[in-house]
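To find a chain, count down the sequence lines: A is the first, B the second, and so on, and within it residues start at 1.
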Protein chains: 2
Amino acid sequence: MRPREFDHDDVLRIAFDQFWRKGVRGTSLSDIARDAGVQRGSLYNAFGSKEALFLQAYERYAGDYLLALQKALGTGSLRKRLTAFFDLTITNFRSGSPPRGCPTTRGLMELGAAEGEGLDEEARQAFASLVSRITALVQDTLSAGARRGEFNGNPAAAALHIVTVTRGLAVLERAYGDEAQLRKIAAHAIDLVLDKKGG
Amino acid sequence: MRPREFDHDDVLRIAFDQFWRKGVRGTSLSDIARDAGVQRGSLYNAFGSKEALFLQAYERYAGDYLLALQKALGTGSLRKRLTAFFDLTITNFRSGSPPRGCPTTRGLMELGAAEGEGLDEEARQAFASLVSRITALVQDTLSAGARRGEFNGNPAAAALHIVTVTRGLAVLERAYGDEAQLRKIAAHAIDLVLDKKGG
DNA sequence: CAAATTATTTGACACGACGTCAAGAATATG
DNA sequence: CATATTCTTGACGTCGTGTCAAATAATTTG
């Protein structure tokens, strides 16, 4: 066996950086190959296709991101935890120059329309899985907060609502690029969820 | 002058149908030309580029959609109006088979990353403009509701929150395709906004 | 230590997409 | 009836994805 001339993980990082900045459809394997100092054919040999390469790169990102979220949601009052959650979310959307937006949201909207369209379906599941796991983290945080008397609504509904707002923030980020606005919306969402009538 | 052999508006409708179903990047001018029974070159002659054709088709859609929203927001109690607003929004996302999702949200996430990237910037403005106009409609509705004592929060903040939720719904629609879930989230959002503490 | 094995690399190819251009076709105008 | 003007048509260049066979280089085996 001949050993590979490039580092698998390096390529994954380089590829995801491009996917994040330009989207999957907007990134060519030639771009990635040039950036990684690898021949295009080698990428096909190692990963199979652009979509498969993206999936691997995305899973990497998703794992890292979940860990960071878990950390943000792990300390302080419920309000502090939710604030840290939105902070991390928005900071993530606004990272890079120019800001790269949310890769999950972009990926979801880049999907083809057909129901079972090859790897599209696999990608959809990867995106949906991250969103679900984030929702679960938020719900757990709210449930814990409820046990401590900091929240008295429905944790599942509230978590879904909060995650829906973060997806909306990802979209508004692309529309206006106004980070202060995003933070205002986030603060308002926290108020709505925590100051609910009867709370 | 030689007369055009196709109807300008027909092509716009046919083109937007494809853009809506498959996204701008996922739709080729060959697709549109075939569907419209027009030569590809004629489209370039008449519209200039794919992006320009999309922009015209999108403006058409945006105008129609705004009118429909205005109608939905125009009658009944504030709660009824907001319910009709979310109803129309979700129904729009779920129209077609398979459901086509939200063209504005998809368009926004399909934009290139570079700040001033040719027509991308024009498209971004078109998307942002529709979102802004929707926000204004919702805000007016909330203000009117406030004058009638049906709402006592900040109309601007609440309108922005509601529109953010609709953008989030567009994303979740792609992730899960679960219309019942979308309607639950919408109902919860209305409750949060209208039942705010002190309301 | 030499040689066969085996995966990786490399370059050529087919195909489809965008956009441009010059040449042909059809109407309106003088 | 001829001319000018616009639309249409088909060919071209470039770039994207994905495939394939041939060349290459290390490891494993004898």
Side-chain angles (χ1 to χ4, degrees), chain A residues 1-12 14-19 21-58 106-107 110-114 117-123, chain B residues 1-12 14-19 21-58 106-107 110-114 117-123:
Chain A
M1 329 228 247
R2 177 176 175 179
R4 213 154 261 168
E5 290 179 3
F6 58 89
D7 185 85
H8 200 264
D9 266 26
D10 282 353
V11 170
L12 249 42
I14 291 169
F16 192 71
D17 177 65
Q18 303 237 10
F19 286 136
R21 286 192 281 113
K22 303 182 294 188
V24 177
R25 287 215 164 101
T27 302
S28 76
L29 280 196
S30 306
D31 291 343
I32 296 170
R34 194 180 325 113
D35 237 55
V38 173
Q39 212 72 15
R40 204 167 55 88
S42 296
L43 295 180
Y44 278 100
N45 176 58
F47 299 98
S49 70
K50 186 163 87 159
E51 308 269 347
L53 169 56
F54 170 75
L55 275 175
Q56 286 194 41
Y58 181 75
R106 181 180 230 150
E110 265 186 325
L111 292 174
E117 202 173 90
L119 279 175
D120 258 9
E121 178 54 22
E122 229 172 308
Chain B
M1 332 228 249
R2 178 174 175 178
R4 211 157 261 166
E5 290 178 5
F6 59 88
D7 185 85
H8 199 265
D9 266 27
D10 282 353
V11 170
L12 248 43
I14 290 169
F16 192 71
D17 177 66
Q18 303 237 9
F19 286 137
R21 286 192 282 115
K22 304 181 293 189
V24 176
R25 286 213 165 104
T27 301
S28 76
L29 279 196
S30 307
D31 292 342
I32 296 171
R34 195 179 324 111
D35 237 55
V38 172
Q39 212 70 16
R40 204 167 54 89
S42 296
L43 295 179
Y44 278 100
N45 176 58
F47 299 99
S49 71
K50 187 163 87 159
E51 308 268 349
L53 168 57
F54 171 74
L55 275 176
Q56 285 194 41
Y58 181 76
R106 181 179 228 149
E110 265 186 327
L111 292 175
E117 201 174 88
L119 278 175
D120 258 10
E121 178 55 22
E122 229 173 309

Give a yes/no on whether any side-chain N or O of A/Gln39 is located under 4.0 angstrom from OP1 or OP2 of C/dT8. no

Taking only side-chain N and O atoms of B/Ser42, does any of them lie within less than 4.0 angstrom of OP1 or OP2 on D/dC7?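 Answer no for this pair, as no side-chain N or O of B/Ser42 is under 4.0 Å from OP1 or OP2.
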
Within this structure, what is the [atom1]-to-[atom2] distance between [X] and [N], rounded to whole angstrom?
{"X": "A/Phe47", "N": "C/dA7", "atom1": "CZ", "atom2": "C1'", "value": "15 Å"}
{"X": "A/Leu43", "N": "C/dT10", "atom1": "CG", "atom2": "P", "value": "11 Å"}
{"X": "A/Ile32", "N": "D/dT17", "atom1": "CD1", "atom2": "C1'", "value": "12 Å"}
{"X": "B/Met1", "N": "D/dT3", "atom1": "CE", "atom2": "C1'", "value": "15 Å"}

Excluding sequence neighbours, so at least two apart, what forms ring-ring contact (aromatic ring centres under 6.0 Å, His included) with B/Phe54?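 Testing B/Phe54 for ring-ring contact (aromatic ring centres under 6.0 Å, His included), a comparison that skips the adjacent residues, returns B/Phe19, B/Tyr58, B/Phe127.
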
Do B/Arg21 and B/Thr27 have side chains that approach each other closer than 4.5 Å (heavy atoms only, starting at C-beta)? no

Who passes side-chain hydrogen bond (donor to acceptor under 3.5 Å, both in side chains) against [X], sequence neighbours left out?
{"X": "A/Gln39", "answer": "none"}
{"X": "A/Ser28", "answer": "A/Asp31"}
{"X": "B/Arg2", "answer": "B/Glu5"}

Closest to the B/Arg2 side chain: C/dT10, C/dT9, C/dA25? C/dA25

So, using side-chain contact (heavy atoms from CB on, under 4.5 Å) as the criterion, who are the partners of A/Gln56 when residues are at least two apart?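 Only A/His8, A/Leu12, A/Phe47 meet the side-chain contact (heavy atoms from CB on, under 4.5 Å) criterion with A/Gln56.
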
Under-3.5 Å N/O pairs linking protein and nucleotides 15-19 of chain C:
from	atom 1	to	atom 2	distance (Å)
C/dC18	OP1	B/Thr27	O	3.4
C/dC18	OP1	B/Leu29	N	3.1
C/dC18	OP1	B/Lys50	NZ	3.2
C/dC18	OP2	B/Leu29	N	2.9
C/dG19	OP2	B/Tyr44	OH	3.1
C/dG19	OP2	B/Lys50	N	3.3
C/dG19	N7	B/Arg40	NH1	2.9
C/dG19	O6	B/Arg40	NH2	2.7

With sequence neighbours left out, write down each residue that passes salt bridge (charged side-chain N to carboxylate O under 4.0 Å, His left out) with B/Asp9, or none if nothing qualifies. B/Arg60

Would you please name every residue forming a salt bridge (charged side-chain N to carboxylate O under 4.0 Å, His left out) with B/Asp10, sequence neighbours left out?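 Listed in chain order: B/Arg13.
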
Residues in contact with DNA chain C, drawn from residues 3-12 of chain B - heavy-atom cutoff 4.0 Å: B/Pro3

